[in-house]
Amino acid sequence: MDCSYLDNSATTPVYPEVADLMKTVMVEAFGNPSSLHGKGREAERLLNQARERVARVLGTNSRDIIFTSGGTEASNLAIKGAARAYRKRGSHLVTTRIEHPATLRAVEELEAEGFVVTYLGVDGEGMVAPADLEAAITDETILVSTMYVNHEVGAIQPLGEFSRILKSRGRRPFWHVDGVQAFAKLEVEPYKLGIDLFSLSAHKIHGPKGAGALFVREGVRLKPLLVGGGQEAGIRSGTENMPGISGLGLAAEICWEKSREGMNHLADLKQFMIERVLEDIPDAQVNGPGDKRAAPYITNFRFKGIKGEVLVHALEEHGIYVSTGSACSSRQHQASYVLEAMGVPDREAEGAIRVSFSTLTGREDVERIVAALPGEIKELRKFSRVR
Amino acid sequence: MFDIVLVRYGEIGLRGNNRRNFEDKLMANMERALSDIPNHRIYRTPGRVYVDAGGDANPVLERLARVFGIVSFSPAVRVEPEMDAIKDAAEYVLRDSIANRARLAVEPGAKSTFKVESRRADKRFPLPSPEISREVGAHLLDRIGGDVDVHRPDTTVNVEVRDEAAFVYARVVSGPGGLPVGTSGKALLLLSGGIDSPVAGWMGLKRGIELAGVHFHSPPFTSERSRDKVEDICRVLCRYAAGKIRLHHVYFTGIQKAIKLDCPEEIRVTLMRRMMFRLAEQLAKRIGALALITGESVGQVASQTLASMLVINRVTAYPVLRPLSGMDKTEITRIAEQIGTYEMSIRPYEDCCTLFLPRHPKTRPHLDQVESAEEALDIPALMTEALDRTEIVDIRG
């Protein structure tokens, strides 16, 4: 059966061009960039090319890109690396309740090491209030970690306003932005906004799993998580994952180009889907901002009296793949912490599904889900406990 | 040195006429259990089965420990049937045993005692059994030392002289006992994915029963992953099953829905279980199974009270074997851990959908109430749908 894959915030299929390049890197240009000979130089050139590609999409200098094993490592490196390097300056951190677990767990680790953390709440749509950030920062604050696009509800955080607040401080904390759900899709200018650290991942943009990067603004010191041969300017030792890194570079380039052409189209599709769902299905709601303050490619719905998990399986029978919450939390039987932070009651949060598009999503995919949803929900509601 | 394994089987020795059949099955099951071990050879002489390990005996021991019908086995040294060779072998075996005891630190530093026991199956061998024991014993005292203790020795060195070879061994490892799988006919195991049913299946296998499985699934209320889980559990059971297990995934959604919509909440579980038994009986008929096996334990949950069992059991004339009926959860869990199904059973996918479970299930359902509730259901049509949409998977170890 042909299928509609609408779970692109969990992961994406690799672009064929990217897979081809990766294969070449594995079987032909297989050298170690550190080797002195020709094979090593060939690999080094590919490494530089990938670094330039990522930097170009971010609008930064290629020297500032550190390759990692993915978004989780990038965020861990940014947060633990900066906090540990600058702990003499202060021991206060600020983050938000709706961050990805990679950020939250890293910050918890620092709490255990004696750092004090302020967690900012969000409003009913998943937006952090800039005033809360302003109020939370003290002279002790050394790091602020916020996300760009929330992974569950798609809320785009007001980075511009955060930037203004941070820039207005005389003694400015470092700022890490988790850009995993935004990179190569939405515009971001780390230099202009004064972002010091920016995490990104390859497999969310049609690149391979196991590759990611951290933008580190020049002059920012990080205590490495991994030590060894001193690759990546000594910040991230380990022989470079050449197939993954090359794949990341090319995927970033292609995805960014397609996004610039196609983001308006995705926004239209999203608008169409939301209208149809709210019109055709009683007791349906959008979690997160239903307007332009949410990413055009992430939509989160909730349906009263439905278990998201059952709906996921029901849609699967139509060849439609969506998820409950984020993939990381959806295997644990508990309501989403993001929705909880937004004040959605537990019982209703159980009925949430996330529909996420990519540059490969077409109108027919959206048509298919809006056609399938009303009937399935009507049927499932017959068997729900809250009738 | 230990390149041969002597295998003993007990219970099947008791069964006069069928003995040959039992032995054949046991041999075939051993052959299957050892199929991935290169160069091994199984052969038998009256009353004994031998496995030539064709190399390291450890993988053979590991596999034989899972073949039902084996009472015990011993890794042995095989030599030419003549006294000098036997003495050398005995010395090797005793030294190995002493080293093992030291490693286990049974009694560190204590002096080791032994005795020698001999059997002369080949009466042409020049020495009678007591003479063999005496000579080998004297040799061991001379070479190793220690004391002879004929009543409670630390090590018993056994010497068996047969026409083709002599075998010397000290270790006797317990086998799983039971009967060779396939000697007791076939039964259909109801598998839920929980901890109990795989253990019940294993106990059926132990009594020589060949297994087929049935699993009831309710997509979209249950996930495909819970199907995978049941298949993984079957794969573990296959290690003991001497062959494949044919697993039936029965489509249960239609029945769940009908019961939920048309029947009183508090007896829903009773009605579900009755439908499962009806479907299982139909499948049993198709595949030639002679009984159903469930993982029920008396009183464990509402559907497993005697009163519930009485009402549920009504729908089938087949024997329903409940090997766990007298066991506690802790005992069942211990076996599940031993046989290797526990870890899979606790994977967190919902089996038969908590959505359909009543808040307060009846522990003492009444037959009349249940039967009149069933009048609201088109049972033949529901069963036809469930069976038509049944998928069959052959699980191999």
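So that the names make sense, note that chain A is the first sequence line, chain B the second, and so on, each numbered from 1.
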**Interchain contact, A/E376 with chain B, by part (heavy-atom threshold 4.5 Å)** = neither
**Message:** I'd like to check the side-chain contact (heavy atoms from CB on, under 4.5 Å) partners of A/V117; sequence neighbours left out, ordered by chain and number.
**Reply:** A/L93, A/T95, A/V107, A/E111, A/Y119
**Prompt:** At what distance, to the nearest 0.5 angstrom, does NZ of A/K382 lie from NZ of B/K257?
**Reply:** 6.5 Å
**Message:** Minimum heavy-atom separation for A/A314 and B/P220, please, with both atom names.
**Reply:** N-CB, 3.2 Å
**Message:** Would you say CZ of B/R314 has more than 12 non-hydrogen atoms from neighbouring residues, nucleotides or ligands within 6.0 angstrom?
**Reply:** no
What side-chain donor-acceptor pairs closer than 3.5 Å can you find for residues 331-340 of chain B, not counting sequence neighbours?
{"residue": "B/E331", "atom": "OE1", "partner": "B/D328", "partner atom": "N", "Å": "2.9"}
{"residue": "B/T333", "atom": "OG1", "partner": "B/K329", "partner atom": "O", "Å": "2.7"}

